[in-house]
Amino acid sequence: MIDLLVVGSGGTGLTAALEAKKNGKNVTVLSKTHPTSSQTSQAQGGINAVLGNDKGDSVENHINDTLRSAHKIGNKETIRYLCENGAETIKWLDNIGVPFSRDKNNNIAQRALGGASNPRACYSSDYTGLKILHTLYDNCLKEGVRFINEHMLLNLIVEENSVKGITALDIETVQVKQIKAKSVIIASGGYGALYNNYNTNSTATTGDGVAAALRAGCKLSNMEYIQFHPTAMKGSCVLLSESARGEGGYLVTKNGDRFTDELAPRDIVARAIYEKIEKGEEVYLDLRHLGLEKIKEAMPQEYDLALQFAGLKLDEDIIPVMPAAHYTMGGIKTDINGRTNIKNLYAAGECSSNGVHGANRLGGNSLLEIVTFGKKVAKSACETIDNIETPEEKEYDIFKEDKKYIENIFTKNNEINFYEIKKQMGESFYKNVGLFRSRSGLDDTLEQIKKWQELSCKMGIEDKSRIYNTNLKELIEFDNMLQLCETIVLSALDRKESRGAHYRSDYAKEDPLFEKESIILKKGNELKRELI
């Protein structure tokens, strides 16, 4: 019997698995992809921590920077825990083998990222997330963690408000399985891929865990807060990390004029760029003054990406950029220990909302969160596992329903191409639910969502094969995104103010009356909302 089932194999899931193994529990990690393909691998810039290397920084500075970025709706308890445990998190990662870059004194090197009062982002060149992820995975293999790869979460098995496991689609065989466990941690990542063609994320970040939690009766929080990264390459949306500006890169117009503070919080920089583009101007990232040696040392990945995707050299060319959806601050509401409102169900990482980011994530805090809270949430889950009864040996109703659901997809006609709707969704959300929002634009998008939901019964698959049917997988992902679309727009409509990453052109100021988190909960077929 599985003691702890971890859904997701990114940095959060792998950290949680290692912590559970350390506590002697039978742990299994379920992954839609292979573990080293997760979104964590695309985090380039660094991981924040105050290391006390006589650089004039302090934990209180880190806390204050994070609170300022959160715009008064962050949770002070979780933020303090994150920042106070930063040095210990880095020490643990260093001890398990993460190859951090070093300064001339052989201390872990640190760089400045946007919104930070001090250079506190530890890094491994510009491959920080990738190196952390690979190191965590190597350690999981060494410790004998069991993996179930290429299995997609369908639904949570819940009885009497207690989780009993999950149902999952075996992507290779398209068979539905029920996987029982005493406790479940959802660590499945965010929902940034909803901004189709306008995001920096992996195509796998379709909010599967958040959507499954919503259907199961979990509360979601702050779904309207989506962070846009200022510097995605125009045309491809390939990320050019904040490390490029942290190392001294400029944002310029075609004539070379700088127009914003490159290391201001991401929402401010992204909106400044977007406004220039909306006026018909091009915006560029200029690193030429840094020289090839510095670029190759600090940003080798970005050098290769610019060359591969744009045919441009960072030491010779200016790179056209645009803002793109990058990170989702909202998700499954939890307490500091990752507990949801369903017993024995936990959530951690980007799929969760524990108040550590509030209205706008501070650059460099995401990698710190996934490791710090991956450990904390797993430890919390392990403390109660021995007192949980083993789930019954039976076929649960949701398992039977999901098997029927998949079979129905194979038999129904494909009258409407959901890929075309997915493209329209990305365009509409980037335009109306992006960096600038208004009542009229949000209403238009909500009306579109309702029409898409009505038409979803006519959306099927062309590919009827029973081996590695990606058409089937992508239809299920689209359905999850379509469900989450409504929660985002409704939450954005309810928040009649501008705060952090949520900017309403019709309510352009921060309003003390909205110094609250938004909550959304599914009751029957209705979405109940409140601000608390």
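Hydrogens, waters and symmetry mates play no part in the numbers below; they use all other heavy atoms, side chains included. Given the structure is predicted, the values throughout are model-derived calculations rather than measurements.
A donor and an acceptor atom, one from each side chain of Thr167 and Asp402, are located under 3.5 Å apart. Side-chain contact, His62 with Asn365: a donor N or O sits under 3.5 Å from an acceptor N or O. Judged purely by distance below 3.5 Å, without hydrogens or angles, the side chains of Asn360 and Gln227 pair a donor atom with an acceptor atom. The closest side-chain donor-acceptor pair between Tyr419 and Asn471 falls under 3.5 angstrom. Using a 3.5 Å distance cut-off with no hydrogens or angles, the side chains of Asn155 and Arg215 do pair a donor with an acceptor. When only modelled atom types and interatomic distance are considered, Thr205 and Gln39 share no side-chain donor-acceptor pair under 3.5 Å. Glu19 and Asn23 share a donor-acceptor pair across their side chains, judged by distance under 3.5 Å alone.
When every heavy atom of Glu302 is checked against every heavy atom of Ala244, the shortest pair comes out as OE1-CB, 3.4 Å. In terms of heavy-atom proximity, Ala16 sits nearest to Ile185 at CB-CD1, 4.2 Å. Of all non-hydrogen atoms in Thr206 and Thr203, the two that sit nearest each other are CG2-O, 3.4 Å. Residues Pro35 and Ser9 share a closest heavy-atom pair of CA-OG, 3.2 Å. Thr328 approaches Gly190 most closely through the heavy-atom pair OG1-CA, 3.4 Å.
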Practice prompt. Kindly determine whether Lys294 and Glu297 satisfy salt bridge (charged side-chain N to carboxylate O under 4.0 Å, His left out), including the steps that lead there.
Written response: CA-CA 5 Å; Lys294 175 69 172 177; Glu297 176 195 353; 5.2 Å; no

**Request:** Take Thr135 and Leu93 through the side chain to side chain contact (heavy atoms under 4.5 Å, CB included) test and state the conclusion after the steps.
**Result:** CA-CA 8 Å; Thr135 304; Leu93 290 171; over 6 Å; no

* Intermediate values then yes/no, salt bridge (charged side-chain N to carboxylate O under 4.0 Å, His left out), Asp65 and Arg68 -> CA-CA 5 Å; Asp65 289 346; Arg68 184 164 53 250; 2.4 Å; yes

- Query: Stepwise, does the side chain to side chain contact (heavy atoms under 4.5 Å, CB included) test hold for Lys423 with Asn196?
  - Reply: CA-CA 6 Å; Lys423 180 182 176 183; Asn196 186 46; 4.3 Å; yes

| message | Could you go through Asp479 and Gln483, starting from their C-alpha distance and side-chain angles, then the distance that decides it, and tell me whether this counts as side chain to side chain donor-acceptor pair (under 3.5 Å)? | response | CA-CA 6 Å; Asp479 189 53; Gln483 292 175 53; 3.0 Å; yes

| said: Is there a salt bridge (charged side-chain N to carboxylate O under 4.0 Å, His left out) between Glu477 and Lys32? Walk through the geometry before answering. | reply: CA-CA 11 Å; Glu477 290 174 331; Lys32 185 165 70 170; 2.7 Å; yes

Pair Arg499-Lys72, side chain to side chain contact (heavy atoms under 4.5 Å, CB included): steps then yes or no: CA-CA 9 Å; Arg499 186 181 296 269; Lys72 299 181 181 179; 3.8 Å; yes

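Using modelled atom types, one side-chain atom of Glu262 and one backbone atom of Leu251 make a donor-acceptor pair closer than 3.5 Å. Put simply, the side chain of Asn139 gets close to the backbone of Ile96: a donor and an acceptor are under 3.5 Å apart. The backbone N or O of Cys218 sits nowhere less than 3.5 Å from a side-chain atom of Thr340 that would complete a donor-acceptor pair. The closest donor-acceptor contact from the side chain of Asn199 to the backbone of Ala325 lies at 3.5 Å or more, if one exists at all. Side-chain atoms of Thr372 do not come within 3.5 Å of backbone N or O of Leu82 as any donor-acceptor pair. For Tyr191 (side chain) and Met223 (main-chain N/O), a donor-acceptor pair under 3.5 Å exists by modelled atom type. With Asn48 contributing its side chain and Gly363 its backbone, the two residues share a donor-acceptor pair below 3.5 Å. Not a single donor-acceptor pair under 3.5 Å links the side chain of Ser352 to the backbone N or O of Asn354. Ser124 contributes a side-chain N or O that, together with a main-chain N or O of Pro99, makes up a donor-acceptor pair within less than 3.5 Å. Of the possible polar contacts, none joining the Asp94 side chain to the Ile90 backbone as a donor-acceptor pair under 3.5 Å is found.
By the 30° and 60° cut-offs, the orientation of the rings of Phe429 relative to Tyr195 is perpendicular. Under the 30°/60° scheme for interplanar angles, the aromatic rings of Tyr430 and Tyr198 are found to lie parallel. Using the six-membered ring where Trp is involved, Phe478 and Phe418 have ring planes that are tilted, between 30° and 60° apart.
Under the 4.5 Å side-chain criterion, counting only non-hydrogen atoms from C-beta, Thr36 is in contact with His134. You'll find the side chain of Gln42 stays beyond 4.5 Å of the side chain of Leu239, heavy atoms only. Side chains of Leu51 and Ile108 form a contact here, defined as non-hydrogen atoms less than 4.5 Å apart. Looking only at side-chain heavy atoms (C-beta outward), Leu240 and Met299 stay at 4.5 Å or farther from each other. Side-chain contact check for Tyr123 versus Ile47: every heavy-atom pair is 4.5 Å or farther apart. Contact check for Val489 versus Val433: side-chain heavy atoms found under the 4.5 Å cut-off. Two residues are said to be in side-chain contact when any heavy atoms from C-beta on lie closer than 4.5 Å; His151 and Asp170 meet this criterion. At least one side-chain heavy atom of Cys122 sits under 4.5 Å from a side-chain heavy atom of Gln110.
Surrounding NZ of Lys473 are more than 12 heavy atoms belonging to other residues, nucleotides or ligands, all under 6.0 Å away. The number of heavy atoms from other shown groups lying within 6.0 Å of NZ (Lys180) is above 12.
Aromatic ring centroids of Tyr346 and Phe373 lie 6.0 Å or more apart.
We find the OH-NE2 distance between Tyr327 and His357 to be 3.0 Å, quoted to the nearest 0.5 Å. Taking OG of Ser241 as the start and CG of Leu305 as the end, the distance is 10.5 Å to the nearest 0.5 Å. Taking CG of Leu14 as the reference point, atom CG of Leu136 lies at 5.5 Å (rounded to 0.5 Å). Taking CG of Leu133 as the reference point, atom CG of Asp138 lies at 9.5 Å (rounded to 0.5 Å). Remark: Tyr127 OH to Ser243 OG distance equals 11.0 Å, nearest 0.5 Å. The CD atom of Glu77 sits 4.0 Å away from atom CD1 of Ile336, with the distance rounded to the nearest 0.5 Å.
Salt bridge status for Glu474 with Lys422: absent, with no side-chain N to carboxylate O gap under 4.0 Å. The residues Glu517 and Lys333 are annotated as salt-bridged, a charged nitrogen and a carboxylate oxygen being separated by less than 4.0 angstrom. Contact check on Arg245 versus Glu242 returns a salt bridge, with a Lys/Arg side-chain nitrogen under 4.0 Å from an Asp/Glu carboxylate oxygen.
When Arg266, Glu350, Glu369 are each tested for a side chain to side chain contact (heavy atoms under 4.5 Å, CB included) with Arg361, only one passes: Arg266. Considering Ile179, Leu169, Ile166 in turn, Ile166 is the only one that fulfils the side chain to side chain contact (heavy atoms under 4.5 Å, CB included) rule with Leu153.
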